[in-house]
Protein chains: 2
Amino acid sequence: MRIKGKPNSFDIAHLAGVSQSTVSRALRGHPTVNAETRERILAIARQLNYKADKNASSLRSKHSGTLALLIFEDPTVDDSSINPFFLSMLGSVTHACARHGYDLLISFQELSRNWHADYEDCHKADGIILLGYGDYLDYRGRLEALVEQGTHFVRWGAVLTDQLGLSIGCDNLRGGQQAADHLLALGRRRIAFVGNASLRSPEFFERYQGYGAALRAAGLTPDAALQVDAISTELAGFEATSTLLQRGTPFDALFAASDLIAIGAMRALASRGLRVPADVAVVGFDDIPMASFVNPPLTTVQQDTRRAGELLVETLLNLIHDDPAQSIKLPATLVVRQSCGIGLAPATSNPPRVATARRGAAAARRRHS
Amino acid sequence: MRIKGKPNSFDIAHLAGVSQSTVSRALRGHPTVNAETRERILAIARQLNYKADKNASSLRSKHSGTLALLIFEDPTVDDSSINPFFLSMLGSVTHACARHGYDLLISFQELSRNWHADYEDCHKADGIILLGYGDYLDYRGRLEALVEQGTHFVRWGAVLTDQLGLSIGCDNLRGGQQAADHLLALGRRRIAFVGNASLRSPEFFERYQGYGAALRAAGLTPDAALQVDAISTELAGFEATSTLLQRGTPFDALFAASDLIAIGAMRALASRGLRVPADVAVVGFDDIPMASFVNPPLTTVQQDTRRAGELLVETLLNLIHDDPAQSIKLPATLVVRQSCGIGLAPATSNPPRVATARRGAAAARRRHS
DNA sequence: CTGAAAGCGCTTACAG
DNA sequence: CTGAAAGCGCTTACAG
């Protein structure tokens with residue numbers, strides 16, 4: 001027996017007085033192995049701290065017990081400033097993998113570059129989870145390549161009808177509707193939408209459509225002057241809202257396509273001296289951890305990242321095992337905090353909100369146009 | 001040649017009219033391969049979308065081109081509520097790995113359970129990065145096991161003299177000193193410390209010692225009644241600060257061992273009607289993204305996560321390649337925002353801060369004892 | 001219930 | 001500069 005180096009299955013076999021195949025079977029809990037023999041083998045393996053070489057077993061058995069998570073973002077602004085929403089997805093995907101006995105490889109990639117989504121091709125992973133927003137036109141091409149290569153993958157994002165592969169996503173349409181309904185119920189009438197509103201950003205676009213549907217259901221017409229594009233960063237939210245304010249079209253509420261955008265929007269509003277929610281009510285989307293810590297705490301539409309991570313992993317595993325699998329749309333939940341003016345505002349100190357808001361917006365217009 | 005399935009190096013060899021060994025050499029850029037032959041091979045490989053099987057190559061070559069990141073936390077409260085500081089470390093470690101051409105496996109583990117830090121034993125990774133705070137007494141045993149097994153690892157955390165393995169950490173002592181010096185320079189004299197202050201939490205303990213050193217240098221004696229233990233969560237910060245307030249010992253400043261604790265502390269302070277910074281100045285540690293969004297924006301001691309991630313990866317790679325490597329202490333930087341009262345407080349509306357703070361704390365005591 | 005043998009797809013001496 | 005051969009450490013039919 002070898003003294004130095006890590007033991008292999010032959011070493012264990014030799015010590016246990018059985019063949020190497022029996023060791024392999026015993027270690028993997030194969031049912032035909034004699035119970036007593038198995039115990040003996042396991043004891044020796046434990047004592048020698050033997051761990052089966054995964055490269056050898058993956059090579060032979062053709063599966064790696066590993067999943068890959070690809071996170072991509074528009075311009076990877078800064079190493080440490082990853083979208084917090086993706087971060088919490090990452091957490092739940094990691095936990096879900098662990099529960100299913102899989103390891104997780106992760107990689108951050110810029111959508112603009114050529115991804116190396118080769119983890120499955122090179123047999124490092126059995127399948128891939130795709131997480132990120134980006135230009136869908138760009139993105140779709142990548143998905144086509146994955147489909148063509150027969151890669152197992154699931155993506156987080158809008159569940160579309162002409163789906164390439166499977167998606168797990170949230171019900172962005174209903175979410176957008178709920179956000180707008182909430183603002184309407186509070187008497188807001190001139191509701192801005194900050195976020196990309198084109199098919200290039202399907203998730204945001206669905207939220208925008210939900211918003212539009214809610215307005216129309218209330219007898220209002222969405223005003224194109226009250227929509228400004230923004231990707232999901234605080235800076236984009238700040239800049240888009242500044243643009244919106246410069247336009248001078250009055251508004252008394254703002255629905256941001258993401259919390260990051262909402263936080264940037266609140267900063268832009270504050271820098272113009274506008275009060276949230278008194279002058280402008282603000283709703284976000286995602287419910288990132290920061291949302292409850294900003295001032296005022298942000299009312300937002302929560303996505304269930306825990307469930308999403310679980311479903312992403314389960315669906316991918318089904319795909320890998322050739323079990324039935326399908327795209328799933330998760331419900332979104334409105335989380336009411338204080339950025340829309342619930343439970344605030346004694347009537348004496350704060351005049352009626354709608355009026356105030358209009359006045360505020362009008363004041364902003366005067367100040368900045 | 002096989003029609004279905006993925007091509008292997010023999011398929012490429014056959015098409016290129018060379019031996020399989022030459023294909024292998026060409027693909028890895030071996031210098032002895034004829035330039036023209038190499039081009040031919042590369043062209044065919046590209047065309048067939050050939051990717052070398054990593055399991056086979058890792059098995060044969062004995063290295064996996066993969067690093068593992070183990071993140072552990074005290075009680076994994078909730079899947080999606082991972083300590084944001086670790087999350088930003090995770091981001092920078094991932095990017096650093098990518099820059100060095102390594103893949104990254106990640107795993108969240110509870111320190112209380114048996115870790116499976118077996119990634120290297122089973123040849124899935126060439127080395128391990130350890131990230132997390134937890135009871136160091138517990139932790140040390142795990143490190144001993146790693147050392148004994150000859151595992152390559154680097155940990156993030158306090159750089160201690162009786163180090164097991166290598167650590168990359170920040171200069172917690174200087175950081176704590178800077179935080180306390182800042183408060184002292186603003187005239188605060190009764191400075192509380194919220195966070196674990198024992199050798200079981202070496203990082204926090206170093207910060208506590210820096211704080212103590214600063215007080216003593218200013219001729220003050222740290223008051224044990226002004227220290228309360230807390231792990232790095234918002235809830236722990238809230239509860240510890242509540243305990244502190246109940247004790248009734250007056251204080252005009254609070255140094256939290258982490259931003260999460262500081263945020264919890266500010267919530268506890270606010271719930272007692274105490275104003276930050278007027279009544280109590282607050283400093284945190286880490287500079288997590290949330291720090292600049294809380295109200296008031298948190299003054300804190302920033303750790304350079306980007307550099308830290310880079311050094312963690314570089315040091316581990318040096319260890320793996322048997323190159324010289326050492327533990328490193330990174331400088332910490334005070335980031336002044338508004339939670340300590342810089343650039344605030346026109347003298348007319350706010351009475352001198354120290355007095356106010358004392359009054360505030362005293363008021364709190366009266367209210368809650 | 002167990003063993004002998006083949007083979008997964010590479011890398012790496014070795015020989016030429 | 002190139003090829004034939006061995007071998008990494010497993011899993012998996014196949015035979016008994």
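Chain letters run A, B, ... following the sequence lines, proteins first and then strands; every chain starts at 1.
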Novice: Atom NZ of B/K6 to atom C1' of C/dC8: distance rounded to whole Å?
Specialist: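 Whole-Å distance recorded here is 14 Å.
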
Novice: Just the rounded figure in Å: distance from P of D/dC8 to CG of A/D53.
Specialist: 11 Å

Novice: May I ask which nucleotide in the shown strands pairs with C/dG16, Watson-Crick or G-U wobble, both distances under 3.5 Å?
Specialist: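 Pair assignment: C/dG16 / D/dC1.
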
Novice: Distance only, no hydrogens: is a donor on one side chain within 3.5 Å (strictly under) of an acceptor on the other, for B/R200 and B/Y139?
Specialist: no

Novice: Indicate whether any N or O donor in one side chain lies under 3.5 Å from an N or O acceptor in the other, for A/D121 and B/Y50.
Specialist: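 Distance-only check fails for A/D121 and B/Y50.
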
Novice: Quick check for you: among D/dT2, C/dC8, D/dA5, whose closest atom lies nearest to any side-chain atom of B/S21?
Specialist: D/dA5

Novice: Measure the distance from CD1 on B/I41 to P on D/dG3 and round it to the nearest whole Å.
Specialist: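 Whole-Å distance recorded here is 8 Å.
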
Novice: Please give, in whole Å, the distance from C/dC8 P to B/K51 NZ?
Specialist: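 Taking atom P of C/dC8 as the reference, NZ of B/K51 is at 21 Å.
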
Novice: Distance check needed: D/dG3 P versus B/H30 NE2, whole Å only.
Specialist: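 About 14 Å, once rounded to whole Å.
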
Novice: Would you say A/R60 places a side-chain N or O within less than 4.0 Å of OP1 or OP2 belonging to D/dG9?
Specialist: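 It does not, given that no N or O in the side chain of A/R60 lies less than 4.0 Å from OP1 or OP2 of D/dG9.
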
Novice: Closer than 4.0 angstrom, basic N to acidic O: yes or no for B/R140 and B/D162?
Specialist: yes

Novice: For B/Y50 and C/dG9, is the shortest distance between a side-chain N/O and OP1 or OP2 below 4.0 Å?
Specialist: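 For B/Y50, the contact criterion (side-chain N or O under 4.0 Å from OP1 or OP2 of C/dG9) is not met.
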
Novice: Using atom CG of A/N34 as one end and atom C1' of C/dT2 as the other, report the distance to the nearest whole Å.
Specialist: 10 Å

Novice: For B/E203, is there an ion pair with B/K329 - N to carboxylate O distance below 4.0 angstrom?
Specialist: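 Result for this pair is no, no salt bridge flagged.
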
Novice: Taking only N and O in the side chain of A/T22, is any of them less than 4.0 Å away from OP1 or OP2 of C/dT2?
Specialist: no

Novice: Reckon B/S58 touches a base, only the sugar-phosphate, or nothing at all at heavy-atom distances under 4.0 Å?
Specialist: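 Result for B/S58 = nothing.
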
Novice: Indicate, with a heavy-atom threshold strictly under 4.0 Å, whether A/S57 touches base, sugar-phosphate, or nothing.
Specialist: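 Since only primed, P, OP1 and OP2 atoms lie under 4.0 Å of A/S57, the category is sugar-phosphate.
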
Novice: What's the closest nucleotide to the B/S61 side chain, out of C/dG3, C/dT11, D/dT11?
Specialist: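 Of all the options, the side chain of B/S61 is nearest to C/dT11.
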
Novice: Atom CG of B/L59 to atom P of C/dC8: distance rounded to whole Å?
Specialist: 14 Å

Novice: Once you measure the plane-to-plane angle for A/F85 and A/W156, does it fall in the parallel (<30°), tilted (30-60°) or perpendicular (>60°) bin?
Specialist: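 A/F85 vs A/W156 ring planes: tilted.
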
Novice: Would you mind telling me which residue lines up with the more 5' stretch of DNA chain D, B/K62 or B/S19, judged by nearest nucleotide?
Specialist: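 With B/K62 and B/S19 compared, the 5'-side residue is B/S19.
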
Novice: May I ask you to verify if any side-chain N or O of A/T37 is less than 4.0 angstrom from the OP1 or OP2 atom of C/dT2?
Specialist: yes

Novice: What about B/R25: does its side chain form a donor-acceptor pair under 3.5 Å with the base of D/dG3?
Specialist: yes

Novice: Rounded to the nearest Å, what distance is computed from the CD atom of residue A/Q20 to the P atom of nucleotide C/dA6?
Specialist: 14 Å

Novice: When you get a sec, tell me which of C/dC10, D/dG9, D/dG3 is the closest nucleotide to the side chain of A/A56?
Specialist: D/dG9

Novice: Can you tell me how far apart CD1 (B/I41) and CD1 (B/I12) are? Round to the nearest 0.5 Å.
Specialist: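 Here the rounded value is 9.0 Å.
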
Novice: Students often get this wrong, so: under 4.0 angstrom with heavy atoms, is A/K54 touching a base, only sugar-phosphate, or nothing?
Specialist: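 If one applies the 4.0 Å heavy-atom cut-off, A/K54 turns out to touch nothing in the nucleic acid.
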
Novice: Using a heavy-atom cut-off of under 4.0 Å over every strand shown, decide if B/S24 touches base, sugar-phosphate, or nothing.
Specialist: base

